[in-house]
Amino acid sequence: MFILILKDLQSYKKYPYLCLINKPILHKMKKLFNSLFILLLLNVGVCAYADEGMWLLQIMQEQHSIDMMKKQGLRLNATDIYNPNGVSLKDAVGIFGGGCTGEIISPNGLILTNHHCGYESIQEHSSVEHDYLTNGFWAKSLSEELPTPGLQFRFVDKIVDVTDIVNADIKAKKITEAESLSRIYCSKLAKKMKDESEYKDKSYIEAEILPYYAGNCFYLIYYKIYNDVRMVAAPPSAIGKFGGETDNWMWPRHTGDFSMFRIYADKNGEPANYSKDNVPLKVKKYLTVSLKGVNEGDYAMVMGFPGRTYRYLTVSEVKSRMYSQNEPRIKVREARQNVLSKAMAASDKTRIQYASKFAMSSNYWKNSIGMNKAIIDNDVMGTKAKQEKAFEAFAKDKPEYQGVVAGIDSIVTKSMKKEYNATAFSETFLGGIEFTSVAGATMKMDQLKKDITAKNDTAIQKDLKIMQEVYNGIHNKDYDHEVDRNVAKALIPLYADMVSANERPSFYDVIATKYKGNYDKFIDEMYSNSIFANEENFKAFMKKPTIKAIDKDVALLYANSILDYYKSNFRQSNTDATKLSLLHKKYIRGLNEMKLPTPSYPDANFTMRLTYGNVKSYNPKDGVVNRYYTTTDGVLQKEDEKNPEFVVPAKLKELIQNKDFGRYAMPDGEMPVCFLTTNDITGGNSGSPVLNADGQLIGAAFDGNWESLSGDISFDNNLQRCIVVDIRYVLFILDKLGGCSRLINEMAIAQ
């Protein structure tokens, strides 16, 4: 039976994914396929496939992931999780901000997410006078909840399969196959479809089309966007970031990584910009909170928006990731962070200004270090080599797949040096040195010079208005000019050491000749004497703009050099990139066809996914056995008053010592903090709800373990773990330390 059904499926090899298989054929085969697949699971053992996979909710039933989930212990039906025609768990989960997940935990739009997801907003509201980063924030009433400009929450309103539409456009030669993968085409098609839909007049609905399986499938997603999101609660960083960078990506963890916000809407419940007249959103779905706790082996699933995974890379691409991306990122970020950490330690004002920037930088600095180590330790290269060998055997009698891996390897090998240079450039000048943003003015300077020559006062004033916007953008409340000067002094020479002389921006030639190789002299000239260096210089220029001042400005020379280098090296049409995309499309199609009838999931692309697994202990290769949960005893054991990463707030220490845990304690009287599951997650899943077999909230995902850092490339069933803050610890902190019982009273709690 296995051979017969596999041959039947292979006759549709142009459409090897269940979302593309001819629907009548799929319907006829469904019963047979179900029986076969369940038999396969029984024969090979559920654990072989159970935990890996970021599954698409909209095709759970077609891909039989719902069967696998029930085998693991799920007690819900598919429509309880995702129901295109009704309300489901999907409607209680959304995108928090620009890169995290949040879940609704009350009928009044209360959001739970991670502390590190809310960190930028907490920092934005903080000052030396109101240091919410250090002291925490607890709104004791609706009137105390803080509006947070720019913060959004997005719900998935509708998902539509548009694969046939895209393929029809390719067949009709309206676009090429390569163009179908471009953002430009997908954006135009999304706009067209929205304009022809019931959403056409709704400005708060955003339409997005993305390729899945490297462009073998396409889905249109309609998001409903709420712009009035207010800060409600955040523990002190000594709780929300307990363990800091030392414990980041490590187990055991004792971090209360949570924060809370609330969605506000107009009186009709529709999205609206901030207004004092807005009210808490009455949501159509919110999660029930479980205080039942977790035990080893319990079913656990995560719904969220994982950012990016690269599970289908070849060996050569893994090497490129290690040496062309991770290595230069590690070098540049470490140098920048050394400067920032010294400045932050010397000043509370600077500490608050740079808290979010430092956290974002250090997170993926350590991630890159851990990933490179895990790739070697977990023999990811060996796994990928076996995959390629199996694919080569599979492709022997299939001409469309022959030479695909060799083609990928040829392009990647040729581009590794350029990729290294691109990463070094981006990390240094686009993500490291903030004064580079003066480039925003350079594009208008030529026009300003023309208008000065023509003595066109009206045009000059328009030009100067743009200059004012650039200046204000640079010198914002979270920027310190002297700190950034020191960052530049660290990074500009470092970049010169990393990249050969003939491959650097042209301002390096100016340093070599005019400044005789003295980097500090060049940087001091730029940071002290530029038009944009300080308010005094800027006001003098605005009062009397001259061509001479523009031409001698070193910062403008520097910024122009950066822009020119970027345009000439990274913005050109890249034929190889197009070829690589098409080869990947073919490679992934072949890999998934090769695996049939086992279903395959697409790489993460920051769209809604579901992963499932179990609560499970962690036995790393060093032989140490770690239990699946931690308690507040570990908080006190890690306490180190001399180390700011391990300071325990006095009130929390008192609560722990007195065992004043209330109803949130475990049956043995101990207070849980974090626990482990085998769920498949990555960046973007931060803040995701972790749900039990009944769909009740048991925690929020916030990290992975050290060995899992190669997981974006290759999942390891034995070692990969998701680290979760226990919902009982969240409620304990909220209630006993924050005094916010009003928020707990909003929730539906299962004892």
Run D680 and R311 through salt bridge (charged side-chain N to carboxylate O under 4.0 Å, His left out) and show every step you take. CA-CA 12 Å; D680 186 358; R311 298 276 170 83; 2.7 Å; yes

With distance as the sole criterion, is a donor-acceptor pair present between the side chains of N619 and N626 under 3.5 Å? no

Check for me whether K585 meets the cation-pi criterion with Y213, that is, NZ or CZ under 6.0 Å from the six-membered ring centre and within 45 degrees of the ring axis. no

Are Y323 and Y420, when compared by the centres of their aromatic rings, separated by less than 6.0 Å? no

G370 to L709 - nearest heavy-atom pair and separation: CA-CD1, 3.4 Å

Under 30°, 30 to 60°, or over 60°: which ring-plane class applies to W249 and Y364, parallel, tilted or perpendicular? perpendicular

Main-chain N/O of G711 paired to S714 side chain as donor or acceptor, under 3.5 Å: no

Electrostatic pair R333-E427, nearest N-O below 4.0 angstrom: yes

What are the two closest heavy atoms between N114 and A701, and how far apart are they? OD1-O, 3.0 Å

Do the side-chain N and O atoms of S320 and Q325 include a donor-acceptor pair separated by under 3.5 angstrom? no

Hey, does the side chain of R336 reach the backbone of G432 with a donor-acceptor pair shorter than 3.5 angstrom? yes

N705 side chain vs L719 backbone, donor-acceptor pair below 3.5 Å: yes

On a heavy-atom basis, the closest approach of S368 and R329 is OG-CD, 3.4 Å

When you check the side-chain N and O atoms of N326 and N372, is any donor under 3.5 Å from an acceptor? yes

Please tell me whether Q72 and N614 have a donor and an acceptor in their side chains that are separated by less than 3.5 angstrom. yes

I'd like to know if D603 pairs up with R308 as an ion pair, taking the criterion as any Lys NZ or Arg NE/NH1/NH2 lying under 4.0 Å from an Asp or Glu carboxylate oxygen. no

If we ignore angles and hydrogens, is there a donor and acceptor under 3.5 Å between the side chains of S561 and S506? yes

Taking the ring centre of each residue, are Y312 and Y587 less than 6.0 Å apart? no

Would you say E388's side chain and V315's backbone share a donor-acceptor pair under 3.5 angstrom? yes

Answer yes or no: is there a donor N or O on one side and an acceptor on the other, between the side chain of E179 and the main chain of T176, under 3.5 Å? yes

E245 and S362: side-chain donor and acceptor closer than 3.5 Å? yes

Counting only N and O atoms by type, is there a donor-acceptor contact under 3.5 Å from the side chain of R721 to the main-chain atoms of N718? yes

Where the side chain of D712 meets the backbone of T309, is there a donor-acceptor pair that is under 3.5 Å apart? no

Heavy-atom side-chain contact between F305 and R154 under 4.5 Å: no

Side-chain (R321) to main-chain (S316) donor-acceptor, under 3.5 angstrom: no

Could you give the side-chain donor-acceptor pairs of residues 491-502 under 3.5 Å, partners two or more places apart or in another chain?
{"unit_1": "S500", "atom_1": "OG", "unit_2": "N502", "atom_2": "OD1", "d": "2.9"}
{"unit_1": "S500", "atom_1": "OG", "unit_2": "E503", "atom_2": "OE1", "d": "2.6"}

Distance flag, aromatic centroids of Y212 and Y219, threshold under 6.0 Å: yes

Could you check whether any side-chain N or O of K174 sits under 3.5 Å from a backbone N or O of I170, counting only pairs where one atom can act as donor and the other as acceptor? no

Check: S410 main-chain N/O paired with T413 side-chain donor or acceptor under 3.5 Å: no

Is the closest side-chain donor-acceptor distance between T314 and E317 under 3.5 Å? yes

